[in-house]
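In what follows, a structure is listed as structure tokens, so that the remarks can point back to it.
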Amino acid sequence: EPEVTQTPSHQVTQMGQEVILRCVPISNHLYFYWYRQILGQKVEFLVSFYNNEISEKSEIFDDQFSVERPDGSNFTLKIRSTKLEDSAMYFCASRGRGLQNQPQHFGDGTRLSIL
Amino acid sequence: AQSVTQLGSHVSVSEGALVLLRCNYSSSVPPYLFWYVQYPNQGLQLLLKYTTGATLVKGINGFEAEFKKSETSFHLTKPSAHMSDAAEYFCAVAPSGANSKLTFGKGITLSVRP
């Protein structure tokens, strides 16, 4: 079965540094998402992306965050200047075309640790 | 706006016992409802979903859930727990009719005792 793949599985970065988290969604999917889960807390929505533009974003997704689909396969999340509170598990998800009730398929996540 | 309430953080059952994980939701529009499972060091795997039609939905691994609009609930059940069911379970809601984000509950950890 097709999967969403995320790299790296664990990223350790110094505070203030830029970090890029990478995702390869399922190949025929058109809707892409990033979520994060701070340790011990809920999974929180960050941003959704469709037709090469952001369709919705949360309050968390401020100017330090950006997303990009640089080619036909990758979907990236960039954090420009990381803070300690950005430490979390980041999940990418994708959804297929067609009926609105298509579920989102999640990757295994990238654990981001900010030192 | 949507929200999900999963009361309690931990449920422990004996192997072979009934599993019942509760989920209540709030939604300003007809909801789509989901249960996801997360095994250690893995991503979120879809167990089952309710969108329209039959209110009792069956998912993978013998789980099922019933959408009860009058109770705004979507509780997850399995008649007989297996050791491999030990994981974290998340209930999520999305508004119907839109390419929308999922709003998750805080999750419940299920432990299964031999």
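Numbers restart at 1 for each chain; the letters A, B, ... are given by sequence-line order, proteins then strands. Predicted model only: the values in this text are computed from it and were never measured. All values below come from the heavy atoms of this structure, side chains included, with hydrogens, waters and symmetry mates left out.
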> Taking only residues two or more places apart in sequence, or in another chain, which ones meet Ala65(B) in a side chain to side chain contact (heavy atoms under 4.5 Å, CB included)?
Replying inline: Trp35(B), Leu48(B), Val57(B), Phe74(B), Leu76(B)
Only pairs under 3.5 Å count here: list side-chain donor-acceptor contacts from residues 74-85 of chain A, not counting sequence neighbours, and write none if there are none.
from	atom 1	to	atom 2	distance (Å)
Asn74(A)	ND2	Asp71(A)	OD1	3.3
Asn74(A)	ND2	Asp71(A)	OD2	3.0
Thr76(A)	OG1	Glu68(A)	O	3.4
Arg80(A)	NE	Asp63(A)	O	3.2
Arg80(A)	NH2	Asp63(A)	O	2.6
Thr82(A)	OG1	Gln14(A)	O	3.2
Thr82(A)	OG1	Gly16(A)	N	3.4
Thr82(A)	OG1	Gln17(A)	N	3.4
Thr82(A)	OG1	Gln17(A)	O	2.9

> chain B heavy atoms under 4.5 Å from Gln37(A): which part of the residue, side chain, backbone, both or neither?
Replying inline: side chain
> Any idea how His29(A) and His105(A) line up, ring-wise: parallel (<30°), tilted (30 to 60°), or perpendicular (>60°)?
Replying inline: tilted
> Leu46(B) versus chain A, heavy atoms under 4.5 Å apart: side chain, backbone, both or neither?
Replying inline: side chain
> Who in residues 107-115 of chain A is close to chain B, using a strict under-4.5 Å heavy-atom cut-off?
Replying inline: Gly107(A), Asp108(A)
> Checking heavy atoms, do the side chain of Gln45(B), its backbone, both or neither come under 4.5 Å from chain A?
Replying inline: neither
> Which residue pairs pass the side chain to side chain donor-acceptor pair (under 3.5 Å) test when at least one of the two sits in residues 60-73 of chain B, sequence neighbours left out?
Replying inline: Lys58(B)-Glu64(B)
> Which of parallel (below 30°), tilted (30 to 60°) and perpendicular (above 60°) describes Tyr36(B) and Phe106(A)?
Replying inline: perpendicular
> With respect to Tyr35(A), which candidate in Phe61(A), Phe45(A), Phe91(A) satisfies the ring pair (Phe, Tyr, Trp, His ring centres under 6.0 Å) definition?
Replying inline: Phe45(A)
> Under 6.0 Å from the six-membered ring centre of Phe63(B) and within 45° of its axis: does the NZ or CZ of Lys78(B) meet both?
Replying inline: yes
